[in-house]
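These notes concern the structure reproduced below.
Chain A is the first sequence line, chain B the second, and so forth, proteins listed ahead of strands; every chain is numbered from 1.
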Amino acid sequence: DPAEGRGPRSRTAAVTGAPGPEEPDTYVLEMLPYPSGEPHIGHLKCYSLGDAIAHYCRRRGARVLHPMGYDAFGLPAENHAIRTGVHPRVSTAESIASFQEQFRSWGISIDWSRELATSEPSYYRWTQWIFLELFRAGLAYRSEAAVKWCPNDQTVLANEQVSADGHCERCGAVVEIRQLEQWLLRITDYAERLLSDLDGIDWPDHVKTMQRNWIGRSEGAEVTFRCEELDVDYPVFTTRPDTLFGATFFVMAPEHPDVLRLAEGGPDEAAVREYVNHALTESSEERGRAEKQKTGVPLGRFVTNPVNGERIPMYVADYVLMEYGTGAIMAVPAHDERDHAFAEAFGLPIRRVIAPADEPDAGPEGLPYTGDGVIVGSHSDFDGLPNREALGAIVQWLDREGKGHASVNYRLRDWLISRQRYWGCPIPIVYCDRCGAVPVPEDELPVELPEIDDYMPKGRSPLAAAEDWVNARCPECDGPARRETDTMDTFVDSSWYFLRYCDARNERAAWDPATTREWMPVDQYIGGVEHAILHLMYARFFTKALADLGHLDFQEPFTALFTQGMVTKDGAKMSKSRGNVVSPASIVDRVGADTARCYILFVGPPEQDADWSDEGVDGVFRFLGRLWRLAAEVAERPGGTHGPIASPRSPEGDDLALARKTHWAIDKVGSDLRRFSFNTAIAAVMELLNACSRLREQAELQTLRFAVASAASLLFPFAPHVSSDIYERLTGERVWDQPWPEADEALLETEVYELVCQVNGKVRDRVQARTDAPAQELLALCLAAPNVRAHVDGREIVKEVVIPGKLVNLVVR
RNA sequence: GCGGCGGUGGCGGAACGGUAGACGCGAGGCCCUCAAAAGGCCUUGUCCGACAGGGCGUGUGGGUUCGAAUCCCACCCGCCGCACCA
């Protein structure tokens with residue numbers, strides 16, 4: 001069967017193709033799969049996309065790096081193990097075997113010699129090495145902090161793994177807050193570079209936008225409010241220093257370390273204590289509800305507003321977030337909706353300091369007013385100025401007085417990487433009573449994950465139970481020490497795998513810089529949008545940090561990014577619970593890998609979501625069958641396999657038409673591939689086949705053979721098995737050894753074309769015109785067209801528009 | 001609320017400001033067959049019309065243009081991301 005997904009050539013070596021001195025090295029990379037169960041349709045789409053590009057690049061003469069690996073540590077595997085009782089090492093290995101088998105059956109051209117799994121000691125040894133590099137550079141640090149804790153998975157989560165409404169991304173449980181000592185990576189040091197370097201990379205706008213939003217850069221000022229009684233300065237961040245004169249109270253987050261001290265001895269001390277305790281236990285979901293009534297408690301203390309010396313009361317309230325800015329705010333109820341709501345609830349003064357420009361005497365009505373206007377009721381130096389102008393002047397004044405300065409604030413938080421889980425990369429640190437947290441010496445890496453039977457989560461890492469493993473010697477003083485028992489977030493593993501592929505078998509280093517210089521950065525990265533923030537931000541951070549440490553000489557890991565859309569069934573995400581899962585294996589069994597791969601690319605633009613249709617699959621299956629049968633029929637004709645494949649020299653009539661269609665397809669498929677328009681590229685091959693079928697009796701054998709072989713050659717990146725079979729039947733050659741075909745410019749142009757004749761912009765006729773006919777002749781042709789005359793006769797022609805090669809438009813009255 | 005993306009036949013989707021609906025699915029008719037499957041041929045936006053041809057058509061309303069699915073303005077709807085971010 002031609003469309004059967006089997007074939008002798010399903011394993012095209014990846015880094016083949018003669019490396020010519022002028023040909024570039026190209027790194028084509030699809031995001032590595034998380035091996036859980038079997039590959040799903042999304043994997044088929046991703047790797048079909050990447051393989052098409054890899055093939056195209058190779059046949060254009062590039063050396064192509066196209067590797068594969070498995071993101072094999074992590075929660076899903078461990079949760080699966082907990083459910084089934086099968087050790088994650090075993091279930092992960094089984095799953096990897098299944099992925100390998102299917103990737104081979106799909107015929108994805110992978111360089112298997114570089115295959116890796118992040119759970120192998122030979123890989124995570126270097127993950128640990130990178131951690132220690134970051135530790136030495138001060139980019140990995142321990143900190144006790146309020147952290148997000150999932151009570152179901154029994155682990156700490158990164159901010160990024162908690163959904164907007166406070167649920168665990170993995171299991172859906174409501175997340176709690178706990179105070180724990182954790183390892184963090186100082187990604188915030190890179191906030192500005194992560195933001196500005198987005199400008200230089202070829203990524204989809206929506207991904208860049210998501211990253212920009214996540215980094216959340218705000219320009220403003222840091223302003224110091226002083227608590228005279230305690231002799232403490234409290235800086236706040238504000239984007240609106242122009243409203244400083246309207247600050248009538250001051251609010252701290254419940255997590256602010258000074259809250260209890262401030263309330264001590266005050267009239268509301270007990271109430272503050274209770275409020276803080278309640279806020280800390282409340283889920284981020286409950287706390288985050290925007291429509292929630294504003295609550296809070298006065299601290300019984302005052303701070304001084306630096307611009308006017310006014311004493312304003314301090315409050316604790318949960319609408320202020322510890323993790324943004326300084327955990328304290330100046331409240332300007334006249335010009336901030338949240339502060340306004342709080343002031344209303346607590347009967348606090350509301351003072352307008354900005355008025356709309358056309359209404360400088362505006363009263364208290366219309367508040368809160370968050371728009372721009374002129375400064376009022378503030379200070380004689382600023383009153384009457386447009387607020388944006390005054391903003392700069394006020395900041396300068398603060399700076400001169402030493403009461404504040406211009407400041408930039410980011411929403412991005414440091415990356416919390418500790419996980420109290422078993423199935424992850426051990427953190428290579430030992431704790432010594434005398435020396436503290438000490439890095440494991442490099443020559444002792446990897447710190448291997450011990451084999452343990454009980455990996456059930458218990459609120460502390462399961463590794464803590466492996467006493468023999470935990471007990472260690474301090475590398476500095478040789479005294480007794482204990483190993484860190486937390487493991488790393490899986491996203492650490494996948495933040496550098498693209499580097500390891502460059503030198504995957506190196507046992508002495510994570511990579512030889514010569515190899516990353518050769519291949520990196522990745523020329524084309526491909527994956528789902530779901531990684532728009534997490535993985536892609538972390539990988540960029542690692543790249544920059546490693547470059548700063550002298551291990552890399554580039555700043556961005558992925559020059560170009562392509563994000564594929566989801567594959568749905570009946571309009572819904574495929575899921576076991578819905579029972580609408582389409583398994584790639586069953587499709588490949590039924591119609592073959594070529595059909596499956598072509599269909600997933602033909603169904604629509606790859607960046608968009610696509611709905612799976614079995615009928616659509618059948619249509620592609622029929623197309624491949626028609627192509628194969630025609631090729632077989634041509635090959636069986638006398639002379640059907642002889643001589644080189646070549647465009648006919650001076651074709652006429654039907655031969656010319658078929659040769660033209662062939663060159664049209666060559667041109668179209670190439671340009672479509674370059675713009676990721678796979679669906680139209682496949683449609684062009686379909687059109688070529690339709691032309692071949694129509695002209696199979698009329699055209700000369702060699703013209704037909706050229707057309708059919710070209711169709712196969714153009715289809716090879718999408719359907720490698722049938723295409724290479726057809727090509728070899730017709731030519732005796734291997735299609736992957738053939739350079740990508742070039743269209744003959746002369747045959748892309750015709751000497752006559754159909755001139756569209758419009759009257760008042762409406763098509764009224766079509767006539768044959770010579771390609772080189774001058775405008776006057778085209779105009780005459782149009783005027784002579786019968787149906788044009790019917791619409792023009794008796795009217796006055798007021799304008800003639802002649803677009804040679806296209807149309808003539810006559811404007812009549 | 002802020003930001004991003006999108007809205008085209010019965011369906012998936014094509015269309016450098018220049019023939020709207022390529023290609024495929026589905027549907028209808030026909031051929032092959034004892035019959036079916038497979039395969040092949042034809043039709044298929046919609047309305048009027050036997051044909052020729054014509055009217056209407058790319059979410060809505062305006063605008064720019066000889067000409068707009070495409071560019072601009074306003075709005076409606078859908079999807080995605082962020083959201084008490086000071």
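No engagement by A:Arg217 is indicated, since no non-hydrogen atom pair under 4.0 Å with the nucleic acid exists. The residue A:Arg626 sits close only to the backbone: its heavy atoms come under 4.0 Å of sugar-phosphate atoms, none of a base. Within 4.0 Å of A:Asn787, counting heavy atoms only, lie sugar-phosphate atoms of the nucleic acid but no base atom. No engagement by A:Glu337 is indicated, since no non-hydrogen atom pair under 4.0 Å with the nucleic acid exists. Contacts of A:Gly619 with the nucleic acid, taken as non-hydrogen atoms under 4.0 Å apart, involve only primed sugar atoms and P, OP1 or OP2. The residue A:Arg694 sits apart from the nucleic acid: no heavy atom pair falls under 4.0 Å. A:Thr238 comes within contact range of the sugar-phosphate backbone alone, with a heavy-atom separation under 4.0 Å but no base atom that close. As judged by a 4.0 angstrom heavy-atom cut-off over every strand, A:Asn690 is placed among residues touching the sugar-phosphate backbone only. When heavy atoms are screened at a 4.0 angstrom cut-off, A:His791 is found touching the sugar-phosphate backbone but no base atom. Within the 4.0 angstrom heavy-atom criterion, no nucleotide atom of any strand lies near A:Asn760.
Counting non-hydrogen atoms of neighbouring residues, nucleotides and ligands closer than 6.0 angstrom, the CZ atom of A:Arg789 reaches no more than 12 such neighbours. Atom CD of A:Gln698 sits in a crowded spot, with more than 12 heavy atoms from other residues, nucleotides or ligands closer than 6.0 Å.
Out of B:rC66, B:rC82, B:rC23, the shortest distance to the side chain of A:Lys799 is found at B:rC66. Proximity note for A:Leu807 (side chain, C-beta onward) versus B:rC84, B:rG18, B:rC23: the nearest is B:rG18. If you check B:rG81, B:rA22, B:rG24 against the side chain of A:Thr680, the one that comes closest is B:rA22. Checking B:rG39, B:rU19, B:rA83 against every side-chain atom of A:Val756, the shortest atom distance belongs to B:rU19. If you check B:rC56, B:rG13, B:rA86 against the side chain of A:Ser218, the one that comes closest is B:rA86.
In this structure, A:Leu601 places its CG atom 15 Å from C1' of B:rC23, rounding to the nearest Å.
Looking at A:Ile329, A:Ile350, A:Leu348 one by one, the single match for side-chain contact (heavy atoms from CB on, under 4.5 Å) with A:Asp339 turns out to be A:Ile329.
Taking the six-membered ring where tryptophan is involved, the planes of A:Phe346 and A:Phe342 are essentially parallel, since the angle between them stays under 30° and well short of 60°. Note: A:Phe562 and A:Phe676 have parallel aromatic rings, judged against thresholds of 30 and 60 degrees for the angle between ring planes.
Of the nucleotides present, B:rC82 is the one that pairs with B:rG1 by Watson-Crick or G-U wobble criteria, both distances under 3.5 Å. In this structure, B:rC51 forms no base pair with any nucleotide, since neither Watson-Crick nor G-U wobble geometry is met with both distances under 3.5 Å. As the counterpart of B:rG18, B:rC66 is assigned, both hydrogen-bonding distances of the Watson-Crick or G-U wobble pattern falling under 3.5 Å. Pair assignment for B:rC41: B:rG29, on the basis of Watson-Crick or G-U wobble contacts that are both within less than 3.5 Å.
Closest-nucleotide positions on RNA chain B for A:Asn809 and A:Asp205 were compared, and the one nearer the 5' end corresponds to A:Asp205. Along RNA chain B, the nucleotide closest to A:Gln758 and the one closest to A:Tyr410 are compared, and the more 5′ of them pairs with A:Gln758.
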